[in-house]
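Working notes, structure below.
Values in this document were obtained by computation on a predicted structure and should not be read as measured data. One is the number of the first residue; the rest follow in order along the sequence.
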Amino acid sequence: MVSAVAGKRRLGLSSFSEIRAEVFFIDASDRFTLENDLKAIANGISDKPTVNDALHFLRTSTEEWLLFLDNADDPSLNLRPYVAWSHGNVLITTRNPEVRGHAPECSIWVDKLEVEDAKELLLRGVDFDESSEAQKVASEIVQILGCLALAVNQARAFIALNICTLYEYLPTYVQNRRALLEEKAIQTTDDYENTVYTTWTLSFNKLSSSAALLLELLCFMHHDTIPSRIFEDAWKVFEQQFDGAVPAILLKFLSSFKTVHSVWDIFRFRMLIKEILSFSLVEFNVKNQTFSLHPLVQHWAQSRCHRPHELLCSTQTLLSLATPIPESKEDYRMVMSLLPHLRSSAQNGLVVHFTLLRCPGNAFRVGGMYQESAKVFEQEQSEMQRQFGSKHLGTLRSMNDLALTYSDLGQHNEALKMNEQILACRRQILGETHPHTLLSMDSLASTYSHLGQHRDALKMKEQVLELAAQVLGKMHPRTINCMAGLALTYSDLGRHNDALKVNKQVLALRTQILGDEHPSTLTSMNNLANNYSDLGQNRDVLEMKEQILALMALVLGEKHPHTLKSMGNLALTYSDLGQHRDALEMREQALALRTQILGERHPDTLNSMRDLAKTYSDLGQHTDALKMREQALSFSIQILGEKHPDTLTSMGDLALTTSDLGQHTNALKMNEQVLALRTEVLGETHPHTLISIGNLARTYSDLGQYKDALKLNEQALALRTQILGEGHPDTLTGMGNLASTYFDHGYPKDALRIEEQVLALRTQSLGENHPATLTSMNNLATIYLDIGQHQDALKMNEQVMALRTDVLGVEHPDTLTSKSNLASIYSKLGKHPQALRLHTEVLNSRKRILGPGHPHTVSSSKWVDYLNKLN
């Protein structure tokens with residue numbers, strides 16, 4: 001028996017081509033045709049042959065025979081009387097999986113043709129050239145037809161009539177899909193009478209009204225992996241809490257599964273699945289409990305709908321009711337599984353009742369589809385304003401969702417205006433201390449942070465925390481969330497010790513209240529670990545972040561977004577410790593998982609691409625970094641827009657890699673473009689804009705335009721001092737950049753004065769063992785060497801190398817740089833044997849850690865060759 005959705009008749013014909021027997025073809029599509037063809041067998045036996053005459057003939061015949069029951073798809077037709085024989089052969093072709101029960105061990109399921117087999121069928125008897133282009137076009141045609149044998153055969157017949165060429169068929173099909181799939185060729189290779197669409201229509205007409213409606217609802221979703229539980233989930237929401245408008249046909253459909261005990265009638269629903277499966281119009285994965293439709297079945301079902309708007313509205317309503325707010329990992333998984341279906345059904349806009357728009361809007365936002373999310377929330381906001389007015393609490397909630405999405409899109413100024421409006425209204429309606437008012441204050445503070453206005457954010461967050469502790473209590477989860485937000489702002493302001501103190505409190509409270517494995521507790525552990533990193537305590541942080549990752553994987557699962565974020569955090573610590581190959585392995589794994597789970601164009605996937613490109617750069621693989629950063633930028637422009645802050649970050653990263661490859665003129669153009677866009681989008685005083693000024697200054701230095709670089713670095717330093725304060729880490733970085741420019745420009749004494757000031761401030765604010773402090777000491781030693789203070793340079797380099805060995809490890813790239821610098825000083829002082837020994841040690845370590853092709857390894861190799869010649 002051949003049970004299939006595609007190619008079953010052809011396979012059946014080929015299966016008995018070698019059998020020496022009389023073959024009786026029976027059209028088993030319904031009882032009338034079956035009995036009529038059976039009677040024809042007994043035409044020579046009786047003047048008025050009956051079915052029993054035919055059966056008697058077959059039962060008593062001594063000759064070999066084969067009974068071919070074709071298209072036995074009707075589930076109401078009992079085939080048992082026609083297949084129970086003591087001898088002879090019976091072959092059945094069917095799309096009804098239940099028929100396999102007649103011969104469970106002798107059945108073949110044919111899903112669809114393989115691409116190569118489908119191409120062979122398409123090109124059989126068709127006039128075409130043998131070029132690779134023709135093969136490519138043929139592949140495209142059969143794949144758009146889903147490798148469905150009947151559809152491919154119809155396409156072959158159409159092309160064979162010379163109405164269009166092989167190359168013209170695809171655009172013709174796209175514009176005339178329904179007509180082509182209903183076309184019956186005059187000359188065929190078999191005697192099968194039905195077209196693709198006719199075959200499905202005959203089956204559809206036999207469905208009950210409920211089964212037909214089920215198919216029509218499914219056809220407006222994505223064709224693959226449709227969770228069957230959405231019907232029960234939607235019904236539960238509708239029954240328990242939903243009071244909005246539900247289309248009448250959906251209301252009637254869902255209500256039909258309500259038992260007398262007001263529970264979901266799972267048996268009745270499964271019987272409906274059984275009915276629709278019996279005609280092979282859909283497939284059902286029992287393990288995953290998901291439906292799938294062949295793409296052509298989906299298009300056929302859509303094209304035959306007599307009430308498309310009502311069905312589309314019902315499908316969107318069903319999905320909206322079934323989409324949860326993602327508050328748990330199960331909710332998150334459900335949202336991600338529904339995203340393709342929400343997106344597919346909403347291609348031409350959402351037509352559901354406006355009270356149902358929030359769940360799909362949130363789902364799009366969770367899935368990183370920010371443009372789609374903004375459209376949904378804008379639609380909801382417009383309807384809420386029209387129905388209830390601008391100061392209704394529901395309208396303000398909707399505005400808050402839209403403001404969050406604007407922030408996701410990098411439209412922080414629009415989010416700022418909206419958050420200010422929400423806060424003013426909630427203060428007026430609910431009062432200063434209402435929890436919703438406090439949430440608005442916190443949202444506004446976060447927007448200040450996005451805009452780089454960290455002092456304004458600090459002021460508001462301190463106020464929110466005070467009010468939350470007063471109104472909700474110090475142990476309330478929202479109060480603790482406010483504490484965590486305040487710690488982040490302390491970090492933004494460079495007040496890492498203050499942030500550390502608050503984060504320790506948050507972790508203790510969350511551990512006490514929620515337990516040590518709660519996701520919020522793990523987030524606190526991660527924030528605390530980041531604090532330690534900010535303070536340069538990376539070796540202590542490594543063990544903590546490895547523990548966090550293990551707990552995240554255990555509690556949330558290896559593929560949860562928070563787990564993948566923890567992988568990125570651990571990879572960052574590996575990089576800080578100079579373990580770039582470990583970072584590479586972890587970042588490649590994170591990128592692969594995010595691509596698999598979220599898709600290659602999700603914002604989180606783009607972040608993984610940027611991180612991996614950074615590791616390529618750390619390893620000196622600048623060509624690989626360039627390729628990945630170009631791809632990340634291209635995707636970011638498509639998904640987020642060319643002015644989104646993340647897109648501008650990608651442009652800045654690409655400019656850095658272009659510089660690393662020595663293409664400084666190209667890097668100059670890019671950096672100028674990034675600076676102009678960041679000034680326009682974020683403002684001239686935003687921290688990211690100041691970073692762009694520094695990057696542009698660096699490129700000017702690379703091109704030898706030191707006066708331009710000096711001017712920009714002085715401008716950036718003045719702005720950072722004004723906005724962030726003199727002791728902020730970013731301000732000190734700006735001072736160091738200015739010192740480097742003076743040094744490059746040939747003013748080592750000015751560079752010395754500034755670098756000594758930077759070292760003093762970093763020692764005071766970060767401590768003498770912080771990596772940034774050690775960088776200042778290293779820079780100062782370089783200046784000492786340049787101005788001829790060799791002993792001071794020697795003493796400083798020995799101190800730096802000892803500290804870096806202790807803090808970072810003996811083989812950290814920065815430690816090796818200090819060792820190399822010390823060797824160079826020995827060489828300058830004529831101590832060539834000592835210099836050769838150190839350079840050789842550095843070379844061996846760099847080969848092992850960075851690879852033989854890394855620029856630093858190449859530099860060490862040249863030093864060793866030079867010193868060997870001297871010795």
Side-chain angles (χ1 to χ4, degrees), residues 220-222 230 244-245 247 302 308-326 332 334-390 392 394-419 421-422 443 447 450 598-606 635-647 681:
F220 284 99
M221 304 181 204
H222 188 271
I230 60 174
Q302 288 179 0
H309 178 83
E310 190 177 1
L311 285 166
L312 177 61
C313 182
S314 295
T315 302
Q316 291 179 355
T317 301
L318 173 72
L319 290 168
S320 298
L321 288 170
T323 302
I325 300 295
Y332 174 82
M334 187 60 181
V335 167
M336 295 305 292
S337 72
L338 291 181
L339 264 180
H341 310 298
L342 285 164
R343 188 175 191 179
S344 181
S345 70
Q347 285 179 350
N348 296 315
L350 285 166
V351 293
V352 297
H353 193 270
F354 72 92
T355 54
L356 280 168
L357 290 169
R358 191 184 188 197
C359 284
N362 274 323
F364 286 138
R365 185 166 178 253
V366 168
M369 298 159 61
Y370 302 136
Q371 299 282 1
E372 290 86 345
S373 179
K375 288 177 183 176
V376 174
F377 284 133
E378 284 168 348
Q379 182 180 345
E380 182 193 33
Q381 173 63 192
S382 174
E383 283 295 321
M384 294 289 283
Q385 294 238 18
R386 188 173 65 85
Q387 293 283 340
F388 305 119
S390 61
H392 187 273
T395 306
L396 297 178
R397 190 272 307 151
S398 174
M399 286 178 68
N400 184 71
D401 289 338
L402 182 55
L404 289 171
T405 308
Y406 281 152
S407 287
D408 293 331
L409 287 166
Q411 299 173 15
H412 301 305
N413 286 309
E414 287 82 353
L416 178 67
K417 294 174 188 175
M418 199 161 276
N419 277 321
Q421 184 181 348
I422 296 167
S443 295
T447 305
H450 289 313
L598 303 173
E600 66 177 5
R601 300 191 177 195
H602 190 282
D604 288 352
T605 308
L606 300 185
F635 284 163
S636 192
I637 290 172
Q638 292 174 38
I639 300 162
L640 302 173
E642 64 178 7
K643 292 186 178 181
H644 190 282
D646 289 355
T647 303
V681 175

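Checking side-chain atoms of Glu378 against main-chain N and O of Leu402 turns up no donor-acceptor pair under 3.5 Å. Between the side chain of Ser344 and the backbone N or O of Pro340, no donor-acceptor pair lies under 3.5 Å. A donor-acceptor contact shorter than 3.5 Å links the side chain of His341 to the backbone of His222. A donor-acceptor contact shorter than 3.5 Å links the side chain of Ser345 to the backbone of Leu342. Using modelled atom types, one side-chain atom of Asn419 and one backbone atom of Ala415 make a donor-acceptor pair closer than 3.5 Å. When atom types are taken as modelled, the side chain of Thr647 and the backbone of Lys643 share no donor-acceptor pair closer than 3.5 angstrom. Remark: side-chain polar atoms of Ser373 are not paired, donor with acceptor, to backbone N or O of Met369 under 3.5 angstrom. Here the side chain of His644 pairs a donor or acceptor atom with the backbone of Gly410 at under 3.5 angstrom. Listed for the His602 side chain is a donor-acceptor partner under 3.5 Å among the backbone atoms of Gly368. Side chain of Ser398 to backbone of Gly394: no donor-acceptor contact under 3.5 angstrom is found.
Residue Arg343 qualifies as open at atom CZ: its count of foreign heavy atoms under 6.0 Å is 12 or below. More than 12 non-hydrogen atoms from other residues, nucleotides or ligands lie less than 6.0 angstrom from CD of Gln387.
Here the side chains of Pro360 and Leu319 are not in contact, with every heavy-atom distance at 4.5 Å or above. The side-chain heavy atoms of Phe364 and Val376, taken from C-beta on, include a pair separated by under 4.5 Å. The shortest side-chain heavy-atom distance between Leu640 and Pro603 falls under the 4.5 Å cut-off. Two residues are said to be in side-chain contact when any heavy atoms from C-beta on lie closer than 4.5 Å; Met221 and Leu338 fail this criterion.
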Step by step, would you call Met334 with Ile230 a side chain to side chain contact (heavy atoms under 4.5 Å, CB included)? CA-CA 9 Å; Met334 187 60 181; Ile230 60 174; 3.7 Å; yes
Worked verdict on Thr605 versus Glu600 for side-chain hydrogen bond (donor to acceptor under 3.5 Å, both in side chains): CA-CA 6 Å; Thr605 308; Glu600 66 177 5; over 6 Å; no
The test is side chain to side chain contact (heavy atoms under 4.5 Å, CB included); show your working for Phe388 and Met384 and say whether it passes. CA-CA 6 Å; Phe388 305 119; Met384 294 289 283; 3.9 Å; yes
Determine whether Ser443 and Asn400 satisfy the following criterion, side chain to side chain contact (heavy atoms under 4.5 Å, CB included), listing intermediate values before the conclusion. CA-CA 8 Å; Ser443 295; Asn400 184 71; 3.7 Å; yes
Report the C-alpha separation of Leu311 and Gln302 in whole Å, then their side-chain angles, then the decisive distance to 0.1 Å, and conclude whether the side chain to side chain contact (heavy atoms under 4.5 Å, CB included) test is met. CA-CA 9 Å; Leu311 285 166; Gln302 288 179 0; over 6 Å; no
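Residues Ala346 and Gln316 come closest through the heavy atom pair CA-NE2, 3.8 Å. Contact between Thr317 and Pro247 at its shortest, heavy atoms only, is OG1-CD, 3.6 Å. The two atoms that bring Gln385 and Ser390 nearest to each other are OE1-CB, 3.4 Å, heavy atoms only. Nearest heavy-atom pair, Phe635 versus Leu606, reported as atom, atom and distance to 0.1 Å: CB-CD2, 3.4 Å. Heavy-atom minimum distance, Leu409 versus Ala374: CD1-CB, 3.8 Å. Here the closest non-hydrogen pair linking Thr323 and Cys359 is O-SG, 3.2 Å.
Considering CG of Leu312 and CG of Leu350, their distance stands at 8.5 Å, rounded to 0.5 Å. For the atom pair Gln638 CD and Gln371 CD, the distance stands at 12.0 Å (nearest 0.5 Å). Taken from OG1 in Thr395 to CD1 in Ile422, the straight-line distance is 10.5 Å, to the nearest 0.5 Å. To the nearest 0.5 angstrom, His450 atom NE2 is 12.5 Å from Asn413 atom CG. Atom OH of residue Tyr370 and atom CG of residue Asp408 lie 4.5 Å apart, to the nearest 0.5 angstrom. The OG1 atom of Thr405 lies 11.5 Å from the CD atom of Gln381; values are rounded to the nearest 0.5 Å.
No side-chain N or O of Glu383 forms a donor-acceptor pair with one of Gln379 less than 3.5 Å apart.
Looking at Glu380 and Arg358, no side-chain N of the basic residue comes within less than 4.0 Å of a carboxylate O on the acidic one, giving no salt bridge.
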